[in-house]
Amino acid sequence: MTQPPIPAFNLTRQFAETLQTEVTAAVSEVLASGGYIGGPAVTSFEADFAKYHGTAHALGCNSGTDALYLAFRALEIGPGDEVITTPFSFIATAETIVAAGATPVFVDIDPATFNFDLDQVAAAISPRTKGIVPVHLFGQPVDMTRLMTIAEAGSKDIGQKIWVIEDCAQATGAQWNGRKVGSWGAIGCFSFYPTKNLGGCGDGGAMTFNAAEWVPELKMFREHGMRRRYYHDEIGLNSRLDAIQATVLKIKLRYLDQWNQARTAIANRYQTLLGDTDGIQLPQATPGSTPVWNQYSIRVGEGRSPELRDKLRSALQEDGIGTGLYYPLPLHLQPVFSNLGYQPGSLPQVEQVSSQVMALPMFPELEAAEQERIAERLKHHWAAFAVPQLQLT
Ligand SMILES: Cc1ncc(COP(=O)(O)O)c(C=O)c1O
């Protein structure tokens, strides 16, 4: 008998098993109220989100992309400024730097964490550096203690403030040294895209921060550059979090820790099931970090043919097992950034890693029996593909 497929990601189980009654009732209330933009649903979620992060403020917006863009604008990062970031991320991280008028400076990654290499961040600071954007990729926190020290020392060296803007899109609830990501830098930027650890039923985003003076600035940029109704000081955005999304997110926030714990249990089970597979590198929590496993990206075929990864993914697909690929082409080699002057070979670690990673199914409701089947099929195909290859080399 053929087995039911196992998707890389699934939202229907969570809705059916946990949320349906509560969310449907709350959304119906909003629908009946007629208040769809702003209002108490939004401010109440913002208060909860700030409290969850231990920050003085949180403001909702339309997406994680907008959160980054709004943060750059409020911090006056723009033309002539450089922003150091990772080439191993979703395009939004760098796209928004350019949209704000600044220039991204990519540094290579640490293949052990997939996050940017902090020695290279320190070395990339120049008199034009105005920002650093750590991305807590796949839910794995960057070493924020060290990064904040690097940013402070760099600011002193160049005589200009270097802001740290955290891209927390994949890491809601993750902690570095017991403190939530998004509470370390000047502004934490979050995405509520449905596949994120805290996902809405559509697009959404938020910014967390402590400085009261940025409240009016961020609000102004998120509403058409307007401080006074219909008087516009800046070119801004229409970037509001809808009342329906805020209502859903407020409910889901209560479950976030429980879901992140379920993801951690799943990561631990993958470790048990696959930890002894030669030639497959599994992601690890580094000392000091509490990751939240937005993705579980393994690295296959280190030092061997990159085609093995694609063969393995296809074979699993034929078995009905979905996988993901984040990200096949690093940002510094994307056509849109060709003007920045990077070449193949400029950042060798990320170039190799991106040809070898694949993400296994990861969502809180993934069942142990499904993981066992994933591991069994993966090991079966890997033995067939990788061993002859090993003998040839
Ligand atoms: C690392 C990273 N940054 C930014 C974003 C942008 O978030 P959104 O899709 O909500 O605009 C994403 C979303 O995929 C992301 O993964």
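Heavy-atom basis, side chains included; hydrogens, waters and symmetry copies ignored.
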Checklist entry - Is the number of heavy atoms from other residues, nucleotides or ligands within 6.0 Å of CD (E76) greater than 12? => result no
Checklist entry - Charged N to carboxylate O below 4.0 Å: is that the case for R146 and D119? => result yes
Next on the checklist: Looking at R179 and E166, is there a salt bridge between them, counting it only when a charged N and a carboxylate O are closer than 4.0 Å?
Outcome noted: no
Checklist entry - Counting only heavy atoms not in E29, do more than 12 fall under 6.0 Å of its CD? => result no
Checklist entry - How long is the gap from CZ on R377 to CH2 on W382, to the nearest 0.5 Å? => result 16.0 Å
Item to check | Partner residues of Q120 under the side-chain hydrogen bond (donor to acceptor under 3.5 Å, both in side chains) criterion, sequence neighbours left out | outcome: none
Checklist outcome for this item: For G188 and F190, the nearest pair of non-hydrogen atoms, with its separation, is O-CD1, 3.8 Å
Next on the checklist: For the residue pair D319 / H380, report whether a side-chain donor-acceptor contact shorter than 3.5 Å exists.
Outcome noted: no
Next on the checklist: Both conditions, 6.0 Å and 45 degrees, for the charged tip of K180 above the ring of Y52: are they met here?
Outcome noted: yes
Next on the checklist: Quick check on K219: does its NZ atom have over 12 non-hydrogen neighbours (other residues, nucleotides or ligands) under 6.0 Å away?
Outcome noted: no
Next on the checklist: Determine whether the aromatic ring centres of residues F49 and F192 are separated by less than 6.0 angstrom.
Outcome noted: yes
Checklist outcome for this item: Tightest non-hydrogen contact, residues V215 and L59, listed as O-CD1, 4.0 Å
Checklist entry - For P111, which residues count as a side-chain contact (heavy atoms from CB on, under 4.5 Å) partner, sequence neighbours excluded? => result R299, Q349, V353
Item to check | Pair E95-T65, side-chain donor/acceptor within less than 3.5 Å | outcome: no
Checklist entry - Any chance the side chains of Y327 and Q334 put a donor and an acceptor closer than 3.5 Å? => result no
Item to check | Backbone N/O of A265 and side chain of W293: donor-acceptor pair under 3.5 Å | outcome: no
Checklist entry - If we ignore angles and hydrogens, is there a donor and acceptor under 3.5 Å between the side chains of Q271 and Q284? => result yes
Next on the checklist: Using every non-hydrogen atom in the two residues, find where F363 and P7 come nearest and quote the distance to one decimal.
Outcome noted: CE2-O, 3.5 Å
